[in-house]
Amino acid sequence: MRKQQRVYTRREILERSTLGLLGPHLVVRSAAAAPAQKLPYRWVYLQCNLQVDAEVTRLKRILQRTAAAGYNGIVLSDYKFGFLDKVLPVYFQNAQTVLQTARQLGLKVYTTVCPIGYSNELLMNDPNLAEGLPVKEATYRVRGQEAVLEPFAKASLTNGDFQKANGNRLVGWSFQDNPGDSTFADSSVERNGLPSLRIEESKKRNARVMQTVAVAPWRQMRLSVWAKTADFQGGDQVGSVVLGTDGKALTYMQWDFAPNQDWRQYSVVFNTLQNQQINVYMGVWGGRGGRLWFNDARLEEVGLLNVLRRDGCPLEVRGEDGQRYREGVDFEPVSDPFLMKSPGDYDIQHEPPPIRLTQQSRITDGERLVVSCYHPVPIYGWEVSCCLTAPKVYTLLRRQLELIQRYFHPDGFFFSHDEMRVANWCQLCQATHKTPGQLLADNVRRCSEMARAVSQQAEQFVWSDMFDPYHNAIADYYLVNGPLTHSWDGLPQQMIIVNWNHDHDKQSLRWFSDRGFKQILAGYYDGTPESIRDWLQDARGVTGVVGVMYTTWQQRFDDLEAFAKAAWG
């Protein structure tokens, strides 16, 4: 039953709150606010960029309002916390100004640390530490001094250029919603001489095309398409979904379209995993009106795109006869020069690198090679999780904690274990013979021990979702290889849970309470500020609810005072 529960991601919560679609737990009921003395932790979550001078002025205004409204603490979250040894000196000057202002106002300061899940800031130090999915025995062909990918011949879209149609029904596509009604073959809107698929759906209907494609297992693929819009109003989901034969999603991408935009290319990468067939969907789910055109859709194998080079992610090159070739001897050292070339971003639209032979190589011209490697999969276009086992990850986490302590001396560390969507694929993780839940338990335990070694006095907090069986600590979560259950076994008893399970709040609150954990309610989420009353009402009778946090992901602080009034009056 638990697998079937609908749990929204942070992104979905943000989008649904904007549209007024959140569930009944956000409907205001007549409930009394909790007395402030019963909420010793009254926080505001502040995402910031302390490298920018103007940010200091903005934060000082928010801090003054925070203190005046009765809050007593702030959580500072800055992407640059992941690489504090690389920032400019002005960063620390700005940080000290903000810290001094907060403490003069009587506000305690807590900082986010250990980004396990949204790990891009940590991976800025070494992008090869991303968790990688395996490519197994991709085929390359030697042409002179280079070996280039020889893709699986059947792994491409039929009529992806939309040139063949019987009326408005596209040839070669296995499924099409409402041809001539909401999906059209449109030769009047072209790009580079190619016709388009036009989506012009009435509200709340699906308007999609789907094609079943034969693929080789364990290959890295890229799906790309060009799109333009006119008065487009979006939908519940827009873009593409790729499913395996078991119905499991292989892609997680929400393409963002402006209401009126000219042609722009969109892409997503994925691993075929064990599948020999995939179902490729493109279109709109639950549309809200307007027109969207797709043009020149392509599915291609991309081999060494963003290839990871670290222990646990080996690159193997063999001949068809099993002969293993040596890097640096038979072929030049392999790397992708565009791996996180843009800070924090694993670009997926560049061309993958070839394999270049050395002068003394034993590999012959025309020879077919079998290549295995590992690659990251950015979730929703950018989120990449780090490996849970690589020793250098823990070196960097320890370094982050030491630098945060040196420059911020926080009252507590807030562990950013949150929505970890890829895990337990690389050889280092597999060699432990542990489940991803056990690996995550080990990780949070080690993070806690490192934080305690850095500061005995600092309190410790963590997001709830990855340790909550009513949220993300479940058997089948995104591209996590195995169950996340029992991740909670690694939580030290003194750690305070910052709970954001709005959809199953009663079960979640009771579950953590029964295990002796104190909890802070992460409310608001750019919704209705008075909704915190409902959550506090649901928490009555639950032991250990010790605070609330005003949590905004849209930098909306207009409701700061209204939230405080609803929470403690």
Side-chain angles (χ1 to χ4, degrees), residues 41 43 50 73-87 91-92 95-96 99 102-103 108-119 121-126 129 131 310-312 385-418 420 423 428-429 432 434 436-464 466-467 486-498 512 515-520 546:
Y41 298 89
W43 290 356
L50 295 171
I74 59 169
V75 176
L76 283 180
S77 178
D78 190 331
Y79 188 82
K80 294 180 176 61
F81 285 175
F83 46 97
L84 285 175
D85 50 356
K86 297 180 175 66
V87 299
Y91 183 94
F92 299 110
Q96 287 306 309
L99 292 171
R103 286 166 176 148
K108 290 189 174 183
V109 177
Y110 307 87
T111 53
T112 58
V113 293
C114 302
I116 305 300
Y118 293 85
S119 303
E121 65 181 77
L122 190 74
L123 295 170
M124 285 280 291
N125 299 282
D126 185 349
L129 293 172
E131 183 55 19
R310 64 170 171 86
D311 290 343
S385 297
C386 65
C387 175
L388 290 175
T389 310
K392 189 175 178 181
V393 167
Y394 291 92
T395 301
L396 291 174
L397 291 174
R398 174 64 183 254
R399 180 64 173 160
Q400 183 194 51
L401 287 161
E402 291 172 344
L403 292 174
I404 287 286
Q405 178 62 21
R406 177 189 304 175
Y407 292 113
F408 289 83
H409 296 284
D411 296 283
F413 296 116
F414 191 140
F415 295 102
S416 296
H417 293 64
D418 181 29
M420 184 191 71
L428 287 178
C429 292
T432 67
K434 293 182 177 180
Q438 291 169 327
L439 291 176
L440 185 55
D442 291 344
N443 174 272
V444 73
R445 187 184 299 113
R446 289 182 65 178
C447 288
S448 175
E449 291 168 353
M450 289 190 295
R452 187 68 60 216
V454 168
S455 174
Q456 290 285 334
Q457 293 75 36
E459 294 182 283
Q460 297 184 7
F461 310 83
V462 70
W463 290 116
S464 60
M466 298 310 304
F467 309 97
H486 291 283
S487 58
W488 51 81
D489 291 341
L491 292 172
Q493 200 60 52
Q494 77 275 10
M495 190 169 285
I496 297 177
I497 308 300
V498 182
F512 283 113
R515 282 151 185 79
F517 291 103
K518 294 180 180 179
Q519 298 177 76
I520 294 170
V546 294

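Note that CG of Leu401 and CG of Leu396 are 11.0 Å apart. Values are rounded to the nearest 0.5 Å. With values rounded to the nearest 0.5 angstrom, Ile74 atom CD1 is found 9.5 Å from Asp411 atom CG. For the atom pair Cys114 SG and Leu397 CG, the distance stands at 5.0 Å (nearest 0.5 Å). Leu439 CG to Thr389 OG1: the interatomic distance, rounded to the nearest 0.5 Å, is 5.0 Å. Taken to the nearest 0.5 Å, the CD atom of Gln405 stands 8.0 Å off from the CD atom of Gln457. Annotation: the span from Ser416 atom OG to Leu122 atom CG amounts to 11.0 Å, rounded to 0.5 Å.
Residues Val454 and Arg398 meet the side-chain proximity criterion, which asks for heavy atoms closer than 4.5 Å. Between Pro115 and Phe81, the closest side-chain pair of non-hydrogen atoms is not below 4.5 Å. With a 4.5 Å cut-off on side-chain heavy atoms, Leu50 and Lys80 do not count as touching. Side-chain contact between Val462 and Phe467: present, with at least one pair of heavy atoms (C-beta onward) separated by less than 4.5 Å. Side-chain contact between Gln438 and Asn443 is absent, with no heavy atoms from C-beta onward closer than 4.5 Å. Looking at heavy atoms from C-beta onward, Tyr394 lies in side-chain contact with Arg446 at the 4.5 angstrom threshold. Contact annotation: the side chain of Leu129 approaches that of Arg310 to within less than 4.5 Å [non-hydrogen atoms, C-beta and beyond]. Inter-residue side-chain proximity for Phe408 and Leu84 is flagged as met; some heavy-atom pair is nearer than 4.5 Å.
Tyr41 and Phe461 have their aromatic ring centers within a separation under 6.0 angstrom. Phe512 and Trp488 have their aromatic ring centers separated by at least 6.0 angstrom.
Taking both residues in full, the closest heavy atoms of Gly490 and Arg445 are given as CA-NH2, 3.5 Å, listed atom of the first, atom of the second, then distance. What you find for Leu428 and Pro391 is that their closest heavy atoms are CD1-CD, 4.4 Å. Shown here for Gly117 and Ser385, the closest heavy-atom pair between the two residues is O-OG, 2.9 Å. Of all heavy-atom pairs spanning Glu121 and Asp78, the tightest one is OE2-O, 4.1 Å. Listed here is the closest heavy atom pair of Leu388 and Pro436: CD1-O, 4.4 Å. When every heavy atom of Trp463 is checked against every heavy atom of His417, the shortest pair comes out as CB-O, 3.4 Å.
Of the possible donor and acceptor atoms, none in the side chain of Glu459 sits under 3.5 Å from a partner among the backbone N and O of Met495. Of the possible donor and acceptor atoms, one in the side chain of Gln493 sits under 3.5 Å from a partner among the backbone N and O of Arg515. The main-chain N or O of Phe413 is never found under 3.5 Å from a side-chain atom of Thr111 such that the two would form a donor-acceptor pair. Although no hydrogens or angles enter the test, the distance criterion places a donor-acceptor pair under 3.5 Å between the side chain of Thr432 and the main chain of Cys429. A donor-acceptor distance shorter than 3.5 angstrom exists from the side chain of Ser119 to the backbone of Cys386, with no hydrogens or angles considered.
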task: Verify side-chain hydrogen bond (donor to acceptor under 3.5 Å, both in side chains) between Gln460 and Ser448, making sure each step is shown before the conclusion.
output: CA-CA 8 Å; Gln460 297 184 7; Ser448 175; 2.6 Å; yes
Exercise for the section: Quick one: do Lys518 and Ile497 satisfy side-chain contact (heavy atoms from CB on, under 4.5 Å)? Show the steps, please. Expected result: CA-CA 6 Å; Lys518 294 180 180 179; Ile497 308 300; over 6 Å; no
- Task: Would you sort out whether Ile116 and Phe415 count as a side-chain contact (heavy atoms from CB on, under 4.5 Å), showing the intermediate values?
- Result: CA-CA 8 Å; Ile116 305 300; Phe415 295 102; over 6 Å; no
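Using a 3.5 Å distance cut-off with no hydrogens or angles, the side chains of Asn125 and Lys86 do pair a donor with an acceptor.
No more than 12 heavy atoms of other residues, nucleotides or ligands lie within 6.0 Å of CG in Asp311, so this atom counts as exposed by the packing criterion.
The aromatic rings of Tyr110 and Trp43 are tilted relative to each other, their planes meeting at an angle between 30° and 60°.
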